[in-house]
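Here is the structure we will look at, set down as structure tokens.
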Number of protein chains: 2
Amino acid sequence: MGQPGRIREVRDEIGPAGTLDLRAMINLEQRLVPDLIEALTKRYTILRTVSLLQPVGRRVLAQELGTTERRLRAEVEFLREQGLLTVSNLGMALTAAGEKLVEELAEYVHEARDLTRRETALAERLRLERVIAVPGDSDTSETVQKDMGRAAAQYLKSILTEGMVLAVSGGTTLASVAAALVPGNYHGRITVVPARGGMGEDLDKQAGSIAAKIAAKLNANHRLLHLPDSLGEEAAAVLAQEPEIKEVLELVRSASVLLLGIGVAQAMARRRHLRPDQLALLDELGAVGETFGYYFNRRGEIVYVTPSTGLKLENIKRIGHVIAVAGGASKAEAILAVLSYNFPPLTLVTDEGALTGMLKLLEGR
Amino acid sequence: MGQPGRIREVRDEIGPAGTLDLRAMINLEQRLVPDLIEALTKRYTILRTVSLLQPVGRRVLAQELGTTERRLRAEVEFLREQGLLTVSNLGMALTAAGEKLVEELAEYVHEARDLTRRETALAERLRLERVIAVPGDSDTSETVQKDMGRAAAQYLKSILTEGMVLAVSGGTTLASVAAALVPGNYHGRITVVPARGGMGEDLDKQAGSIAAKIAAKLNANHRLLHLPDSLGEEAAAVLAQEPEIKEVLELVRSASVLLLGIGVAQAMARRRHLRPDQLALLDELGAVGETFGYYFNRRGEIVYVTPSTGLKLENIKRIGHVIAVAGGASKAEAILAVLSYNFPPLTLVTDEGALTGMLKLLEGR
DNA sequence: CGTTGATTGCTACCTTAACCGTCATATGCT
DNA sequence: AGCATATGACGGTTAAGGTAGCAATCAACG
């Protein structure tokens, strides 16, 4: 009677369009062979990492993936037999088939890790325009950081428009975005500026350097804010009248797109060499997240500002689009804090570790 | 430059409709985790077999699946933990979730075994209307035979029409088709008749018995040919004039659908108790396949006919549709031989073992 | 140009744990 | 009572993986 049908029956009943969709299929697989997804993502991660690091040796790769060389050997041997990667006396590299497979597998892994659903869940919860998450955790793996950089770079490239003024912040994450940008000529005039003046980080990670690098990659113009750190109020006001500075400042304040990284408050404060009493103050104020000099508490309120010149959060409303890039489970709370602020339409590029952490935090309250 | 993209890149490039279809996905999985896919189909087979045999004990099931009890135990334990089957001291049975999973998984396995592609390949090669293959091999497993019966029964049910006259042959395979038919009222008047008179098999497997059983299941009429075996030519001619016999004969010759099984020539001949010299003759004539009394050589030519009354292959052209049911790797050559004959539109219901064997034979020549 | 140090792949050995064959026992159906 | 069922326990075989060391190659540097 209500017996389950044979293959053909099912097909006939549902019709030729009754194909299982990817998500339903993965659900079935997970119930019947739970290790499958795990093993598959594991191998995918190996291929993906090799793809980014090639040529790479086993020991380095093992360390990168958090496994031992012996274990990795078994996997590599298999992948080699499958013709997906070659191994020479100088390391491993993907074959053409391997590269193609990685590309095709990306969508599968994304779905298998249930990223699509969780991306939209977070976006709805925080009223973001869009969330883009890459598999993995930047905290654990260097490669994931690079991967996230690629995703952000790709997204940035997709929204470039004629005459756009792009303001960028600093940080290691944004440095990886700049590094991941593929050089090339893009649409017409684009100008890249640092969102604020230098704020005492390594030169490579300062907003100015990153702006320059991004501009170079995009073959765009860039202008810098040559200002010393920790300027007094009145001195800043005087300098702001300098024609060249003034011009750049106006450019910054008219930016149409803002690209920013997000950091953990205490870690950022320390990297900027704040004094112990200032660190204590931040703690007292409940600061957990930071972005380009602004510190936020859990409710998304600004509790502290590093003195500097440039874009002020107050005039951020005019900006058409904000792109935030940050990942790693350890940054989940910080990202959540910052994004609770009432930003203009914002796209978050993150990783699975942070995504999972944020959803967990939101679950708890 | 031509670097493989990240998740989002792929999606953006291909667009939201660029979802992997089932076949593409299975292809990926099969290249990356072949052993787990094997495990998946294995577990599916277990569930499927339990579904058909329940309640069933481990030893019986192990024998049926060609494995040992100990191995099966590990699998069953897993499946039980997953809530897919329950195990009582009377055997195993599927839970509702298990039944549902089996149903949903059917399409996956079909695709995973690459059956769809090979079905159409065979159909094109032999100019058949359609080929329907179930996973597995009837030679090895009793369950596959039943499964094939279900598939054939389902297909038969789908083509029933008002006033149809269905002629059936005999054999164990067709007996399983009859057994698999779900009883119930179907469209209007249907008449079931044996294609030919009794031909010296077990009563249960004779065309007449099967016709009766199918008719009962379909709640249809049936008429029988009560004729002794091996009738002399002139005696047959006389009997054919008997009103009742004549009426049935005309019914048979006006059949619109023909349902037949296919056997290996030598095996069938022996089952019909042909004399040694007849067996030798068949061999000499190159007979390899048989269906309802007709013996075919490799080229699909009729080389021998068991004397009997009823449908003659010469008037088969009038029949609108033929359904052939036969499976098992050992029958591949026989099926191929019979289907090389120039039948009207024919649908073959078979199994993976026979399908694979036939394609292999076609490959060799 | 040669030397040194760092990587690379690869082999060998041995421990450990998982797997599975085997036997024994308990329970319930017919 | 007898058969088929599950279930438990033991032990041997085998595969997986940790550890160590070696030859070859590459990059940097004196």
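So that the names make sense, note that chain A is the first sequence line, chain B the second, and so on, each numbered from 1.
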**Asked** What distance separates B/Leu105 CG from B/Thr41 OG1, expressed to the nearest 0.5 Å?
**Response** 9.5 Å

**B/Thr86 (side chain) donor-acceptor with B/Thr95 (main chain) under 3.5 angstrom** = no

**Message:** I'd like to know if the side chain of B/Glu99 reaches the main chain of B/Leu94, judged simply by a donor and an acceptor atom lying under 3.5 Å from each other, with no hydrogens or angles considered.
**Reply:** no

**Request:** Indicate whether the side chain of A/Ser176 and that of A/Arg150 have a donor and an acceptor atom separated by less than 3.5 Å.
**Result:** no

Taking [atom1] from [X] and [atom2] from [N], how many angstroms apart are they, rounded to a whole number?
{"X": "A/Arg70", "N": "D/dG21", "atom1": "CZ", "atom2": "P", "answer": "17 Å"}
{"X": "A/Gln54", "N": "C/dT8", "atom1": "CD", "atom2": "C1'", "answer": "16 Å"}
{"X": "A/Leu72", "N": "D/dA16", "atom1": "CG", "atom2": "C1'", "answer": "15 Å"}

**Asked** Hey, is the side chain of A/Arg71 pairing donor to acceptor with the base of D/dG17 inside 3.5 Å?
**Response** no

**Prompt:** Does a side-chain N-to-carboxylate-O contact under 4.0 Å join B/Asp147 and B/Arg48?
**Reply:** yes

**Student check: side-chain heavy atoms of A/Lys331 and A/Thr173 closer than 4.5 Å** = yes

**Request:** Decide if atom CD of A/Glu69 counts as having more than 12 heavy atoms of other residues, nucleotides or ligands within a radius under 6.0 Å.
**Result:** yes

**Prompt:** Has A/Gln54 got more than 12 heavy atoms of other residues, nucleotides or ligands less than 6.0 Å from its CD?
**Reply:** yes

**Asked** Tell me, which of residues 30-40 of chain B have any heavy atom that sits under 4.0 Å from an atom in DNA chain D?
**Response** none

What's touching nucleotides 3-7 of chain D from the protein side, N or O pairs under 3.5 Å?
| from | atom 1 | to | atom 2 | distance (Å) |
| --- | --- | --- | --- | --- |
| D/dA6 | OP1 | B/Arg58 | N | 3.4 |
| D/dA6 | OP2 | B/Arg58 | N | 3.1 |
| D/dA6 | N7 | B/Arg59 | NH2 | 3.3 |
| D/dA6 | N6 | B/Arg59 | NH2 | 3.1 |
| D/dT7 | OP2 | B/Arg58 | NH2 | 3.4 |

**Prompt:** Would you say D/dG18 has OP1 or OP2 under 4.0 Å from some side-chain N or O of A/Thr68?
**Reply:** yes

